[in-house]
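Since the structure comes first, as structure tokens, the remarks are kept for the end.
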Amino acid sequence: MKDIRLYDTRTRSKRVFRPLDPANVRMYVCGPTVYDRAHLGNARPVVVFDVLYRLLRHVYGPDHVTYVRNFTDVDDKIIARAEETGREIGQITSETTEWFLEDMGALGALEPDAMPRATEYIPQMVAMIADLVARGHAYAAEGHVLFAVESYKDYGALSGRTVEDMIAGARVEVAPYKRNPMDFVLWKPSDDDQPGWDSPWGRGRPGWHIECSAMSYALLGPRFDIHGGGNDLMFPHHENEIAQSCCAHPGAGCFAQYWLHNEMLQVEGKKMSKSLGNFFTVRDLLQQGVPGEVIRFVMLSTHYRKPMDWTENMRRTAHRALSVIYEKFESALHNIHSDVVREKLPEWRRENLPPPDTAIVQALANDLNTVEALRLFREHAREADATALVDQQKVLANGLFLGFFASSTLASAVVARRAVDLAPLARRLEELRSRAREKGDFSEADALRSALVASGVEVLISKSGVKLLQGPDFDPSKLEGLE
Ligand code: AMP
Ligand code: ZN
């Protein structure tokens, strides 16, 4: 096995990955703020870091990797949502947390080993803030506690900016109690209607950044291997996490050793936004019948450090690519589903399968080259002999390693397609067409033809009659009511 190499944002270079402790490789990824359904962009870091998690588990062993992803369940957006809807904060956050896990599960993402909720770590946050005050890195002012960025000489090193650049470029909240406009909030006061906890600075709640510092310290210690998230979090969130953590727990190599950031997702070339009308959630897509595996395949079709574009065309291509594999290995895939669906370990080991292709593992080891890994996966499946057990097992092993085959949606669709006989519809269309020729009115025949095309059926009309074929996007459920 060649080394794993990862692009580290901090050094701006691909580095060989050497864990602090190979018996416990530790990764922290910033999780969602829970007040609404995850949108498609939120799914990108989940899928990207799931691939990394799977690779690390493969290389170091499933019991030697600890992956932590938090839930931010105290935040002004959550408070605002509670005010708008009149619902309890706890209700909103627990419902949204469930939704998130369901939706990400549908994309084949394994659950991290720990999923701490911020509200469960308030005492640890208060202790860390008090420590920062005692060490002269933070100060209390008007019920707030602020981190003094000038007290940390490396502030800005991750994103390569100076404090002056940051002030010029960022939307910083100017407040009279701040010594420097870049100083950021560690603790803020809560009024009686807002969630709050007692602290040495009065009743209040934590700022967002301190959550990740306190939770990663509690669960992974002062130094750990990988920290991940979307590149929109690099500044200020990750810069602030580093400042807090390295000032509270100073020492050589403090906090995360490798920083990984995924680029943003766009939709049809545009930033996804509610005002442009191209905003959608993962649940919206699943409800429209897009299988989770197809979403995953699209996500992995672009390298994580490049901006990715969700397009209808990519969705269709991914659906086709996966369907071809499902059709070819239908029976082998059919057997596997009952066992691995929703299992924490949908790996080749559990199934007594051979390990995945070395070339696929190597592709991922090269800074998560998922594009190459997918290419190899498809190529291998294309060349494999569907009737040979060894080949079947290899295809399964490769797919499971990449996080596919863990849901039965596509497999059932393939079975459903097989069961459909289009001959009666072909006869019906032929009848309608011959009647239409007599009447000189093709409207009824054309309506049926359009409905067939809309169901993904290819309609071939020639002198010898009508022939119907299942096209690559054929969806039998859309035929209901046509016969
Ligand atoms: P948030 O709940 O906004 O803090 O976002 C949760 C995660 O989703 C963070 O890691 C963000 O970087 C990531 N994220 C948000 N929008 C996008 C997007 N359009 N593309 C990729 N990642 C995103
Ligand atoms: Zn974070």
Side-chain angles (χ1 to χ4, degrees), residues 9 27-50 52 67-78 80-81 92-93 96-97 99-101 103-104 107 109 112 114-118 121 125 128 158-159 184 186 206-220 224 226-245 255-256 259-274 276 278-282 285 295-296 298-300 302-311:
T9 311
M27 170 161 84
Y28 185 94
V29 174
C30 298
T33 304
V34 278
Y35 63 101
D36 212 343
R37 284 269 182 200
H39 63 63
L40 195 59
N42 298 140
R44 191 171 192 200
V46 174
V47 172
V48 165
F49 291 102
D50 180 63
L52 179 54
Y67 173 20
V68 178
R69 186 185 62 215
N70 68 297
F71 283 108
T72 295
D73 62 350
V74 48
D75 182 271
D76 290 352
K77 281 181 273 195
I78 305 174
R81 183 56 56 96
I92 296 176
T93 57
T96 318
T97 300
W99 285 345
F100 183 84
L101 293 177
D103 294 348
M104 299 308 134
L107 306 186
M115 296 187 280
R117 289 156 205 229
Y121 287 81
M125 294 179 210
M128 197 171 198
L158 175 71
S159 45
F184 58 88
L186 299 171
W208 170 37
H209 316 296
I210 194 72
E211 292 178 9
C212 290
S213 285
M215 290 188 280
S216 62
Y217 179 66
L219 294 161
L220 300 175
F224 56 91
I226 298 170
H227 193 310
N231 68 354
D232 56 329
L233 300 185
M234 203 188 306
F235 174 80
H237 184 55
H238 290 162
E239 212 66 82
N240 294 355
E241 281 188 36
I242 294 173
Q244 296 159 159
S245 296
F255 206 43
W259 282 88
L260 267 70
H261 290 98
N262 63 276
E263 253 288 354
M264 294 290 102
L265 172 142
Q266 299 191 315
V267 174
E268 305 282 351
K270 297 205 178 74
K271 186 176 175 195
M272 184 160 67
S273 86
K274 287 196 171 134
L276 288 174
N278 64 353
F279 178 95
F280 44 89
T281 66
V282 172
L285 284 178
I295 303 176
R296 183 180 184 94
V298 174
M299 297 261 172
L300 300 185
T302 303
H303 188 252
Y304 77 95
R305 283 194 289 118
K306 294 205 174 110
M308 92 157 252
D309 201 13
W310 173 272
T311 64

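Remember, it's 1-based here, ligands and their atoms both numbered in the order they're listed. Quantities reported herein were computed from a predicted structural model and do not represent experimental measurements.
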Task: Stepwise side chain to side chain contact (heavy atoms under 4.5 Å, CB included) check, F280 with L40 - done: CA-CA 6 Å; F280 44 89; L40 195 59; 3.5 Å; yes
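- The protein heavy atom nearest to atom 12 (O) of ligand 1 is D232 OD1, 2.4 Å.
- Ranked by closest heavy atom to atom 14 (N) of ligand 1, the top entry among V46, N42, T72, V267 is N42.
- In this structure, H39 has a heavy atom closer than 4.0 Å to ligand 1.
- By the 4.0 Å heavy-atom criterion, L40 is excluded from the residues contacting ligand 1.
- At a heavy-atom distance under 4.0 Å, only side-chain atoms of N262, from C-beta outward, approach ligand 1.
- Residue-level proximity to ligand 1 for L233 is carried by the side chain, the only part with a heavy atom below 4.0 angstrom.
- The shell of residues lying under 4.0 angstrom from ligand 1, judged by heavy atoms, excludes Q266.
- The closest protein non-hydrogen atom to atom 2 (O) of ligand 1 is T33 N, 3.4 Å.
- With respect to the Zn ion (ligand 2), E241 has OE2 as its nearest N, O or S atom.
- For E211, every N, O or S atom stays at 2.8 Å or more from the Zn ion (ligand 2).
- None of the N, O or S atoms belonging to H227 lies under 2.8 Å away from the Zn ion (ligand 2).
- Within the listing of ligand 1, atoms 18 (C), 19 (N), 20 (N), 21 (C) sit less than 4.0 angstrom from a heavy atom of L265.
- Distances from atom 23 (C) of ligand 1 to the heavy atoms of P32, G41, G230 show the closest one on G41.
- Annotation for ligand 1: atoms under 4.0 Å from non-hydrogen atoms of P45 are 8 (O), 10 (O), 13 (C), 22 (N).
- Here H237 reaches the Zn ion (ligand 2): one of its N/O/S atoms is less than 2.8 Å from the metal.
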